[in-house]
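Read the structure below first, then the notes.
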Amino acid sequence: MTRWLPVRRLLLAVLALAIVALSACRLDPPLPGQTLAPNPYPLDRTPAPADMDIPYGPDAHQRLDAYPAIGAASGVAIVYAHGGGWAFGDKDETTWRPVAQYLMDRGHVVFSIDYTLGTCTSGGAPYPDNLNDVKWAIAWANQAAQKTQYNYSKVVVMGHSAGGHLASLASVTSESRPPDMPTTGDYNVRPDGAIAISAPQDMVTYGKQGTPADQDWQSGGLFFGVNLVQCFWGSQYLDPNDVPLVDRQNASPPTFVDPNDPPMLFTGGADDSLALAAYNADVLEAHFTAISAKFDYWGWNDRIDSDEHGVAIDYLSHRAALDLYLAMISQGIF
């Protein structure tokens, strides 16, 4: 079910007009219980980035590829963190490029980033280095030089799966800077918005969420043959309950939701065993609900019926919500 928190009154006709002519009128959030139709989109175009391997931070692995906007600029740049269980994938993954094309065609600039990956079965945890990488990329995108070169004014951090978790966490902890980031100069780690697709959110219980079959996907080796608890927390941890509670809380976006956070769209499939909505998106939604009395709209939980973990990114079945959210960011409605 799709809902904005708290819900504003408006007419269905106004929403329909807003979706058809996003750039021509003021946009308003959907009605309570309304779902924006998740029709699959033919993602058959794979653009090449215009600029590759751009340094966004001081470390060698902190590199991104830039995809400039096509046509009329929306004024929005998207910092994208790929999925892959915190241990796999890269900025040039094949499932991402067609989505980049979709966003470029709508006037958005896209920066696809590499970040610290875990080794799962050996070595330590990629967290919090992976989170700090995302914050370095946001700070880079917020710099005046990049905004001038690529013609945008607002920055949205976006990710799928593990990358969506990092995007969420970077957004709600934007008052905290990476420890090696200069305290002076043009370094702003706060995004103007965040988008999390099929993302784990409650890391207190992640690995032990849902049915035994669901848990097999999270920590039983059904995903790339690895335990995702180890991939995030380090090879010494087989069970999330072995990780200190305070650490699990600090890695969970719901812990940090407060009225100063940027607005967030979180979307995913109702049949997703890797990021069960009841344990992740709904938990995050509950925290947004707790602060929503002070706001017209803040967090949008866009549930896509029958979708699994990868469908929302592979076929862009959530694009109606994505388009509406980005248009609201572009027009400064938030």
Side-chain angles (χ1 to χ4, degrees), residues 56-63 81-91 93 113-138 157 159-174 176-181 189 196-210 212-256 272-276 279-280 283-284 309:
Y56 66 80
D59 295 334
H61 69 276
Q62 293 175 326
R63 297 291 183 271
H82 63 79
W86 301 285
F88 304 93
D90 59 52
K91 57 185 171 59
E93 63 181 18
I113 72 169
D114 277 337
Y115 57 85
T116 302
L117 298 178
T119 56
C120 301
T121 57
S122 64
Y127 169 82
D129 291 342
N130 49 13
L131 173 62
N132 289 327
D133 290 338
V134 173
K135 290 187 176 184
W136 269 103
I138 294 170
V157 60
H160 172 240
S161 190
H165 164 253
L166 296 176
S168 298
L169 192 56
S171 177
V172 298
T173 62
S174 59
S176 175
R177 301 154 65 90
D180 55 345
M181 181 175 286
V189 300
I197 306 166
S198 303
Q201 301 286 355
D202 181 9
M203 298 302 291
V204 173
T205 62
Y206 191 77
K208 292 292 187 181
Q209 296 175 354
D214 294 327
Q215 294 175 26
D216 278 344
W217 278 102
Q218 298 158 35
S219 58
L222 297 182
F223 181 84
F224 288 119
V226 297
N227 183 336
L228 296 185
V229 174
Q230 290 181 300
C231 293
F232 185 78
W233 292 111
S235 59
Q236 70 271 36
Y237 295 111
L238 294 173
D239 187 292
N241 293 324
D242 296 333
V243 182
L245 177 59
V246 65
D247 292 338
R248 286 180 280 149
Q249 291 172 330
N250 286 337
S252 300
T255 301
F256 299 98
D272 184 354
S273 292
L274 280 170
L276 282 81
Y279 291 83
N280 294 287
V283 170
L284 185 61
H309 190 68

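Computed over heavy atoms, backbone and side chain alike; hydrogens, waters and symmetry mates excluded.
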Within this structure, what is the [atom1]-[atom2] distance for the pair [X] and [Y], rounded to the nearest 0.5 Å?
{"X": "Phe232", "Y": "Leu166", "atom1": "CZ", "atom2": "CG", "result": "7.0 Å"}
{"X": "Asp272", "Y": "Trp217", "atom1": "CG", "atom2": "CH2", "result": "10.0 Å"}
{"X": "Tyr115", "Y": "Leu117", "atom1": "OH", "atom2": "CG", "result": "6.0 Å"}
{"X": "Gln218", "Y": "Thr205", "atom1": "CD", "atom2": "OG1", "result": "8.0 Å"}
{"X": "Thr255", "Y": "Asp202", "atom1": "OG1", "atom2": "CG", "result": "7.5 Å"}
{"X": "Leu274", "Y": "Ser219", "atom1": "CG", "atom2": "OG", "result": "10.5 Å"}

Please report the closest heavy-atom contact between [X] and [Y], naming both atoms and the distance.
{"X": "Lys91", "Y": "Arg63", "result": "CD-O, 3.7 Å"}
{"X": "Gly164", "Y": "Ala196", "result": "O-CB, 3.6 Å"}
{"X": "Ser168", "Y": "Gln201", "result": "OG-NE2, 3.0 Å"}
{"X": "Ala199", "Y": "His165", "result": "CB-N, 3.4 Å"}
{"X": "Ser161", "Y": "Gly83", "result": "CB-CA, 4.1 Å"}
{"X": "Ser198", "Y": "Ala275", "result": "O-CB, 3.7 Å"}

Mind checking whether [X] and [Y] have side chains closer than 4.5 Å, heavy atoms only?
{"X": "Pro128", "Y": "Leu169", "result": "no"}
{"X": "Trp136", "Y": "Asp180", "result": "yes"}
{"X": "Trp233", "Y": "Asp242", "result": "no"}
{"X": "Ser235", "Y": "Thr121", "result": "no"}
{"X": "Thr173", "Y": "Lys135", "result": "yes"}
{"X": "Trp86", "Y": "Pro200", "result": "yes"}
{"X": "Val229", "Y": "Leu238", "result": "no"}

Per the side chain to side chain donor-acceptor pair (under 3.5 Å) rule, which among Asp129, Asp114, Asp133 passes with His61? Asp133
Backbone of [Y] reached by a side-chain donor or acceptor of [X] within 3.5 Å:
{"X": "Ser174", "Y": "Val189", "answer": "no"}
{"X": "Ser171", "Y": "Ala167", "answer": "no"}
{"X": "Gln249", "Y": "Val204", "answer": "no"}

Go through the structure and list residues passing side-chain contact (heavy atoms from CB on, under 4.5 Å) with Asn250, not counting sequence neighbours.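 Scan of Asn250 (side-chain contact (heavy atoms from CB on, under 4.5 Å), adjacent residues dropped) gives Tyr127, Val246, Phe256.
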Working note: Asp214 + Gln209, criterion side chain to side chain contact (heavy atoms under 4.5 Å, CB included); need CA distance, chi angles, decisive distance, verdict. CA-CA 7 Å; Asp214 294 327; Gln209 296 175 354; over 6 Å; no
Under 3.5 Å, is there a donor-acceptor pair between the His309 and Ser273 side chains?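 There is no such pair between these side chains.
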Taking the six-membered ring for Trp, are the ring centroids of His82 and Phe88 within less than 6.0 Å of each other? no
